[in-house]
Amino acid sequence: KAPLIAFLDADDLWMPRKLERQLDYFNRHPHLGLLYARLWSYDIEHPEQRRLDPPAVARTFADLLNGPNRVTTSTVVARRECFQVAGLFNPALRASEDHELWLRIARRFAIGFLDEPVAAYRRNTVGFVCQSFNLVSHLTALENVALPLRLAGRLGYFERRRKAKE
């Protein structure tokens, strides 16, 4: 029954005060449906070589649709209403289910970005087979959101915007 929902993947870590900082941001920006933030990302074998992610920020549905997934699940806090309207993670997807959900939410709600690290993402080395599998799942996730928009005639705006950037 809580009005806000936060996520923590099993292999990630939250920084101290993560929820406090994000709740404060939500209180100052009550129009937001979803808020995500920066995080420290590092390879488990080389934790000293950490980097601050994401390198670029997605603030709109178009940004999420026309680029890679910049929203790391463990940094997300979202209003319960977002899930009541947009639905939950798609269990049919074996990867990119988070990106597909963020796209569905961003179609209906404003998203925000807190420009400070609130979590740590511990990466594993990924092989070619796993990368190929993720690409197929990523394309399926995009198709689930973009195809209904194309059929409804609403995707043209995003295509024109992408072409204008090229």
Check: Tyr25 ring centroid to Tyr36 ring centroid under 6.0 Å: no

Derivation of the side chain to side chain contact (heavy atoms under 4.5 Å, CB included) call for Tyr42 and Arg51: CA-CA 6 Å; Tyr42 61 90; Arg51 69 173 191 243; over 6 Å; no

Working for side chain to side chain contact (heavy atoms under 4.5 Å, CB included), residues Thr72 and Asp53: CA-CA 9 Å; Thr72 303; Asp53 281 332; 5.9 Å; no

Separation of Glu100 CD from Ile105 CD1 (nearest 0.5 Å): 10.0 Å

Non-hydrogen atoms of Ala120 and Leu39 that approach each other most closely: C-CD1, 4.2 Å

Connected via hydrophobic side-chain network under 4.5 Å: Val57 and Trp102: yes

Phe7 side chain near Asp12 side chain, heavy-atom distance below 4.5 Å: no

Stepwise side chain to side chain contact (heavy atoms under 4.5 Å, CB included) test for Trp40 and Leu52: CA-CA 5 Å; Trp40 290 110; Leu52 201 55; 4.0 Å; yes

For Arg104 against Asn90, the heavy-atom pair lying closest together: NH2-N, 4.0 Å

Smallest separation among heavy atoms of Arg21 and Glu116, with atom names: NH2-OE1, 2.8 Å

Single-linkage hydrophobic cluster, 4.5 Å side-chain cutoff, Leu114 and Tyr121 together: no

Arg79 vs Leu34 side-chain heavy atoms within contact, under 4.5 Å: no

Inter-residue atom distance Leu88.CG - Cys82.SG, 0.5 Å rounding: 11.5 Å

From Thr73 atom OG1 to Phe89 atom CZ, the distance as rounded to the nearest 0.5 Å: 5.0 Å

Spatial distance of atom CZ (Arg122) from atom CG (Asp43) [nearest 0.5 Å]: 12.0 Å

4.5 Å side-chain heavy-atom contact, Val71 and Asp98: no

Nearest heavy-atom neighbours spanning His99 and Pro68: CE1-C, 4.2 Å

Check: Leu4 and Arg80 side chains under 4.5 Å, non-hydrogen atoms: no

hydrophobic_cluster_shared for Leu8 and Leu19, side chain cutoff 4.5 Å: yes

Asn69 side, atom CG; Leu64 side, atom CG - distance, nearest 0.5 Å: 7.0 Å

Chi angles and distances behind the ring-ring contact (aromatic ring centres under 6.0 Å, His included) call for Phe109, Phe61: CA-CA 9 Å; Phe109 298 91; Phe61 173 75; over 10 Å; no

Minimal non-hydrogen separation, Ala37 against Thr75, with atom names: N-OG1, 3.3 Å

Any Phe26 side-chain heavy atom under 4.5 Å of Asp24 side chain: no

Arg38/Asp115 salt bridge by N-O under 4.0 Å criterion: yes

Atom pair NE2 (His29) and CD1 (Ile111), whose distance is rounded to the nearest 0.5 Å: 13.5 Å

For the student: nearest non-hydrogen atoms of Pro55 and Arg70, plus distance: CG-NH1, 3.7 Å

Shared hydrophobic cluster, Val76 / Met15 (ILVMFWY, side-chain heavy atoms < 4.5 Å): no

